[in-house]
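Basis for what follows: all heavy atoms, side chains included, without hydrogens, waters or symmetry-related copies. Proteins get letters first, then strands, A, B, ... in listed order; numbering begins at 1 in each.
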Number of protein chains: 2
Amino acid sequence: MQSTVTLRDVAQAAKVSIATASRALAGEGLTSRSTEARLRRIAAELGYRPNALARGLKTRTTRLVGLVVHNLTNASFRVLAEVVQRRLRAEGYQTILCITADDPEQEAEIIATLADQRVDGLIICPTGHNGARLAALDSNGTPVTCVVRRDEMVEMETVLAADPEGAYAGTRHLLELGHRRIGLIVGRRETTSGRERLSGYRRALEEAGIAFDPSLVHAGPYEPETGLAGCRQLLDRADRPTALFVANHESALGVLRGLAERDLLVPDDISLLCYEDMPGFAWQRPAISVVDSGATAMADLAADRLLQRLRPNAAPPAETAREYRIGARLIQRHSCRPVAP
Amino acid sequence: MQSTVTLRDVAQAAKVSIATASRALAGEGLTSRSTEARLRRIAAELGYRPNALARGLKTRTTRLVGLVVHNLTNASFRVLAEVVQRRLRAEGYQTILCITADDPEQEAEIIATLADQRVDGLIICPTGHNGARLAALDSNGTPVTCVVRRDEMVEMETVLAADPEGAYAGTRHLLELGHRRIGLIVGRRETTSGRERLSGYRRALEEAGIAFDPSLVHAGPYEPETGLAGCRQLLDRADRPTALFVANHESALGVLRGLAERDLLVPDDISLLCYEDMPGFAWQRPAISVVDSGATAMADLAADRLLQRLRPNAAPPAETAREYRIGARLIQRHSCRPVAP
DNA sequence: CTGTTAGCGCATTCAC
DNA sequence: GTGAATGCGCTAACAG
């Protein structure tokens with residue numbers, strides 16, 4: 001039992017006022033060299049640690065930031081959590097991780113609680129139903145940075161993947177290999193990524209002069225089951241697609257399963273391209289080609305942006321919130337092959 | 001700009017003292033029914049939200065708990081993060097998630113920072129090098145619950161998987177299918193799980209009257225590479241094992257890869273059993289049998305234990321810290337088969 | 001049942 | 001360069 005050594009204890013031990021102690025330990029040359037050193041030593045000996053609550057109450061800054069995501073299963077969120085956490089800690093911030101399950105009500109409650117804790121900032125993948133709350137927070141001086149999804153209701157600093165371009169590049173790649181019937185498994189239209197990836201796919205087809213065939217598209221929730229269902233649906237067609245573009249990342253497992261069910265070999269029988277890289281894809285046999293959406297870069301940029309606005313000096317309130325896009329990259333491995341002539 | 005409405009604003013608006021306002025909103029019948037209702041209404045109208053910092057400073061309780069894990073890649077940690085987060089939030093606690101990367105120094109810093117924030121409690125998978133700090137925290141009134149790994153240096157409440165029994169059960173299963181040469185890929189001896197799973201494996205062999213052959217064991221860090229290396233090593237033997245028990249969970253990907261390299265079919269050419277279930281295993285083709293170490297149950301129990309000690313009434317300081325074990329379960333899918341006669 | 005008074009631990013203004 | 005005093009927002013005695 002030793003804890004709870006306060007600034008006053010340090011001051012008493014050093015026979016100075018508590019104010020001096022505070023200044024010495026702040027260490028910005030507000031005290032004499034000697035007392036500063038002395039106080040520092042005594043504080044260390046006593047094991048003094050400033051009470052973050054008291055400090056926060058006084059300074060109105062907690063060095064806490066909230067990170068709000070839908071889950072930790074999705075690879076992007078996982079990367080986001082790890083990267084943001086690390087980046088912020090390097091700058092002396094603690095990360096409070098919260099999970100909304102993509103539920104607006106939970107999200108609302110979480111935002112409120114985070115505000116109660118007086119977090120200094122917030123990085124969030126919004127559900128899209130609490131934009132007003134986020135905007136209020138932001139304009140009250142708590143910077144909010146959105147990631148992965150945009151909240152359509154309101155203008156806010158947002159870091160997104162370049163999904164239209166990524167899906168375009170992926171489809172294009174397949175097209176260049178000679179594929180004409182490309183099945184697409186994608187997220188629902190209600191989500192930014194679902195919509196944007198579909199649009200990239202369509203644009204690539206159009207440019208290639210291929211008519212868009214809605215029956216080649218299977219949209220569904222972000223779950224393996226979607227992949228399995230989509231796979232079956234597409235494979236049951238008389239004119240089976242020669243390539244599958246799995247642009248709903250969580251579906252990949254289901255698609256792999258569906259392909260195995262039909263004893264279809266990748267890439268001999270069918271080409272396979274996925275969206276969003278993850279460790280499993282590279283270890284797969286054959287290793288699966290992907291459009292890497294750049295989760296790490298997104299996380300880093302989100303951290304950068306927030307950190308930037310967190311710095312005391314800066315803070316031009318909002319020259320209209322900017323949107324950032326992280327470019328996608330095609331990573332060719334061994335799951336795509338030219339269509340047989 | 002509306003924020004920062006304080007208790008005083010509410011009190012003034014209601015023309016009562018700030019203390020009365022506090023009591024009314026606390027709502028434990030310390031005020032008259034009518035004023036309570038009135039204050040509650042006014043507070044809502046004004047959008048009053050208590051300042052968690054001020055409250056924490058006063059009450060010495062923050063409803064913050066720290067969750068410290070090595071990473072978010074490991075399935076157990078992911079489950080831990082999701083479950084603990086959800087369970088605690090249901091009880092009004094926020095979770096501060098921190099990642100140590102299994103590095104004692106980072107861990108030490110994290111523990112200190114968490115203490116600075118005056119977290120009410122801590123759930124941690126310890127590196128094993130900061131036991132003293134954890135013990136100090138605990139005996140200072142901040143309950144600490146360890147999970148997944150035990151800190152050998154010190155007695156503390158700990159929730160672990162029943163790894164010896166799990167490994168025993170898994171090995172036993174393979175034995176009962178007639179396998180005699182069972183390759184084991186496992187974590188390093190320095191880790192609790194590495195040691196314990198190895199011991200379970202050995203015990204099962206002994207009971208079956210089979211001599212332990214160290215060359216059938218490949219121990220290594222928790223990475224896919226370990227699986228690949230182990231797989232190659234074991235498969236290169238003249239007397240190739242007829243079954244592989246992958247008890248270092250992260251290695252599974254590498255093992256799958258290694259098997260594919262050699263064009264070995266599971267379960268026809270070789271049986272495969274993994275430790276720790278994860279979504280991918282069930283979706284694999286063939287679906288992979290596993291010893292489920294019960295990550296969810298562990299997370300729930302850890303949350304239960306901490307919550308229990310967080311309740312105001314309870315707190316018999318420490319009748320010698322207890323250790324809990326979550327039983328493992330064998331889940332049979334389609335990756336194991338009797339050895340050919 | 002309600003108001004007054006005192007801090008929680010710290011940073012900071014104002015004197016000296 | 002240092003000390004005394006003030007208050008951040010809230011809860012908890014202590015009176016009335």
Which atom pairs, one a donor and one an acceptor, fall under 3.5 Å between side chains of residues 40-48 of chain A and the rest of the protein, sequence neighbours left out?
unit_1, atom_1, unit_2, atom_2, d
R40(A), NH2, A24(A), O, 3.3
R40(A), NH2, E36(A), OE2, 3.1
R41(A), NH1, E45(A), OE2, 3.1

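- A 4.5 Å side-chain heavy-atom check between I111(A) and L114(A) finds every atom pair outside the cut-off.
- The shortest distance between side-chain heavy atoms of Q94(A) and C98(B) falls below 4.5 Å.
- Within a heavy-atom distance below 4.0 Å of DNA chain C, the residues of residues 48-59 of chain B found are L57(B), K58(B).
- Residues meeting the salt bridge (charged side-chain N to carboxylate O under 4.0 Å, His left out) test with D304(A), sequence neighbours left out: R87(A).
- Interface limits on DNA chain D: the 5'-most and 3'-most nucleotides within less than 4.0 Å of chain B heavy atoms are dG9(D) to dA13(D).
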Residue pair T61(A), T59(A): steps toward the side-chain hydrogen bond (donor to acceptor under 3.5 Å, both in side chains) verdict: CA-CA 5 Å; T61(A) 136; T59(A) 63; 4.6 Å; no
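- A salt bridge does not link D116(B) with R63(A): every distance from a Lys NZ or Arg NE/NH1/NH2 to an Asp or Glu carboxylate oxygen is 4.0 Å or more.
- The side-chain heavy atoms of T192(B) and E152(B), taken from C-beta on, include a pair separated by under 4.5 Å.
- In the 5' to 3' direction, nucleotides of DNA chain C lying under 4.0 Å from heavy atoms of chain B begin and end at dC1(C) to dG9(C).
- Looking at residues two or more places apart in sequence or on another chain, you find a salt bridge (charged side-chain N to carboxylate O under 4.0 Å, His left out) between E190(A) and R188(A).
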Quiz: residues 51-58 of chain A side-chain donor-acceptor pairs under 3.5 angstrom, not counting sequence neighbours:
unit_1, atom_1, unit_2, atom_2, d
N51(A), OD1, L53(A), N, 2.7
N51(A), OD1, A54(A), N, 3.1

All N/O donor-acceptor pairs, side-chain side in residues 121-135 of chain A, below 3.5 Å, sequence neighbours left out:
unit_1, atom_1, unit_2, atom_2, d
T127(A), OG1, E107(A), OE1, 2.4
T127(A), OG1, H129(A), N, 3.2

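- Between the two ends of the helix from dC1(C)-dG16(D) to dC16(C)-dG1(D), each summarised by a five-pair axis, the helix axis turns through 40° (rounded to 10 degrees).
- If you check the side chains of E323(B) and T158(B), you find no donor sitting under 3.5 Å from an acceptor.
- Of the residues in residues 14-24 of chain B, those lying under 4.0 Å from DNA chain C by heavy-atom distance are V16(B), S17(B), A19(B), T20(B), R23(B).
- To the nearest 0.5 Å, atom CD of residue E155(A) and atom CZ of residue R322(A) are 11.5 Å apart.
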Derivation and outcome, side chain to side chain contact (heavy atoms under 4.5 Å, CB included), residues R311(A) and E91(A): CA-CA 10 Å; R311(A) 297 200 213 297; E91(A) 303 274 343; 3.9 Å; yes
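- E105(B) pairs by the side-chain contact (heavy atoms from CB on, under 4.5 Å) definition with D103(B), not counting sequence neighbours.
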Taking distance alone, no hydrogens or angles, what donor-acceptor pairs closer than 3.5 Å link side-chain atoms of residues 66-73 of chain A to residues at least two apart or in another chain?
unit_1, atom_1, unit_2, atom_2, d
H70(A), ND1, T100(A), OG1, 3.2
N71(A), OD1, T73(A), N, 2.9
N71(A), OD1, N74(A), N, 2.9

